[in-house]
**Student:** 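Below you will find the structure I want to go over with you.
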Amino acid sequence: MKAWATGSTDADDTDDDGNTATPAPKPAPPFPGAKYFGAGKSNAHVLTLGKQLVKKGYGAHYKVGPSKDWGDADRKNVAAFQRAHKQLAGDADGIPGPLTWKLLFS
């Protein structure tokens with residue numbers, strides 16, 4: 001009997017061939033452009049960036065948490081992320097570029 005009919009579920013998530021089913025990773029959102037980040041900026045991209053920084057362990061400078069409003073905490077958190085990644089360390093200015101965005105969302 002089907003699991004949906006009985007209310008039970010399989011103990012493991014396998015397909016018909018016995019392979020473990022794993023969901024596809026969520027693709028990174030496209031980099032919106034540097035013009036959306038920096039002093040005085042307020043938009044959904046800043047919030048998305050902040051949430052991902054927290055998710056990756058780079059939210060130490062937020063007192064409350066990320067928001068739509070760019071602040072010094074965003075710059076410091078991005079710079080910390082950049083310094084922690086060899087390919088970004090030489091340009092740890094705290095403003096995300098395409099490579100910072102790609103690595104942050106990978």
Side-chain angles (χ1 to χ4, degrees):
M1 187 175 277
K2 299 278 186 198
W4 57 267
T6 64
S8 65
T9 59
D10 292 335
D12 59 33
D13 292 328
T14 57
D15 62 17
D16 293 338
D17 296 327
N19 298 317
T20 301
T22 56
K26 187 176 178 183
F31 178 63
K35 67 183 179 182
Y36 290 97
F37 306 100
K41 302 297 181 178
S42 179
N43 57 71
H45 302 298
V46 173
L47 181 58
T48 299
L49 172 77
K51 287 180 177 181
Q52 190 68 9
L53 285 164
V54 170
K55 183 178 177 181
K56 293 285 189 161
Y58 293 91
H61 296 283
Y62 293 126
K63 291 180 181 176
V64 176
S67 75
K68 297 185 322 180
D69 302 320
W70 181 269
D72 197 46
D74 295 294
R75 183 190 60 75
K76 288 178 179 179
N77 288 330
V78 171
F81 177 82
Q82 290 169 328
R83 283 190 303 273
H85 291 79
K86 185 177 179 179
Q87 57 272 58
L88 300 171
D91 189 29
D93 60 1
I95 302 294
L99 184 55
T100 297
W101 190 267
K102 178 182 175 185
L103 292 173
L104 182 61
F105 284 92
S106 63

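Note that the structure is predicted; figures quoted are calculated from it, not measured.
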**Student:** Side-chain contact, heavy-atom cut-off 4.5 Å: Asp91 with Gln82?
**Tutor:** no
**Student:** Could you tell me if the side chain of Thr48 sits less than 4.5 Å from the side chain of Phe105, heavy atoms only?
**Tutor:**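 Yes - at least one pair of side-chain heavy atoms lies under 4.5 Å apart.
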**Student:** Got Val54 and Pro66 here, is their nearest side-chain heavy-atom distance under 4.5 Å?
**Tutor:**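 Result yes, sub-4.5 Å side-chain heavy-atom pair found.
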**Student:** Could you tell me the separation between the CG atom of Asp72 and the NE2 atom of His61, rounded to the nearest 0.5 Å?
**Tutor:** 9.0 Å
**Student:** Atom CG of Leu103 and atom NZ of Lys86: how far apart are they, to the nearest 0.5 Å?
**Tutor:** 13.5 Å
**Student:** Taking side chain as C-beta onward, heavy atoms only, is Pro96 less than 4.5 Å from Leu49?
**Tutor:** yes
**Student:** Side-chain contact, heavy-atom cut-off 4.5 Å: Phe37 with His45?
**Tutor:**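 Yes. Closest side-chain heavy atoms under 4.5 Å.
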**Student:** Less than 4.5 Å apart, side chain to side chain, heavy atoms only: is that true for Arg75 and Trp70?
**Tutor:** yes
**Student:** Just by modelled atom types, is the Phe31 backbone N or O under 3.5 Å from a matching donor or acceptor in the Lys102 side chain?
**Tutor:**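 It does not hold such a pair.
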**Student:** Quick check for you: to the nearest 0.5 Å, what is the distance between Asn43 atom CG and Lys35 atom NZ?
**Tutor:**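 Atom-to-atom, Asn43:CG and Lys35:NZ are 10.5 Å apart.
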**Student:** side-chain contact (heavy atoms from CB on, under 4.5 Å), that's the test. Do Tyr62 and Asp74 meet it? Break it down for me.
**Tutor:** CA-CA 8 Å; Tyr62 293 126; Asp74 295 294; 2.5 Å; yes
**Student:** Show your working on side-chain contact (heavy atoms from CB on, under 4.5 Å) between Val46 and Tyr36 and close with a plain yes or no.
**Tutor:** CA-CA 7 Å; Val46 173; Tyr36 290 97; 5.7 Å; no
**Student:** Looking at CD of Gln87 and OG1 of Thr100, how far apart are the two atoms once the value is rounded to the nearest 0.5 Å?
**Tutor:** 9.0 Å
**Student:** Kindly give the heavy-atom pair with the smallest separation between Arg83 and Ala92, and that separation in Å.
**Tutor:**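 Looks like CG-CB, 3.5 Å.
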**Student:** Would you call the rings of Phe81 and Tyr58 parallel, tilted or perpendicular, taking 30° and 60° as the class edges?
**Tutor:**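 Aromatic pair Phe81/Tyr58 classed perpendicular.
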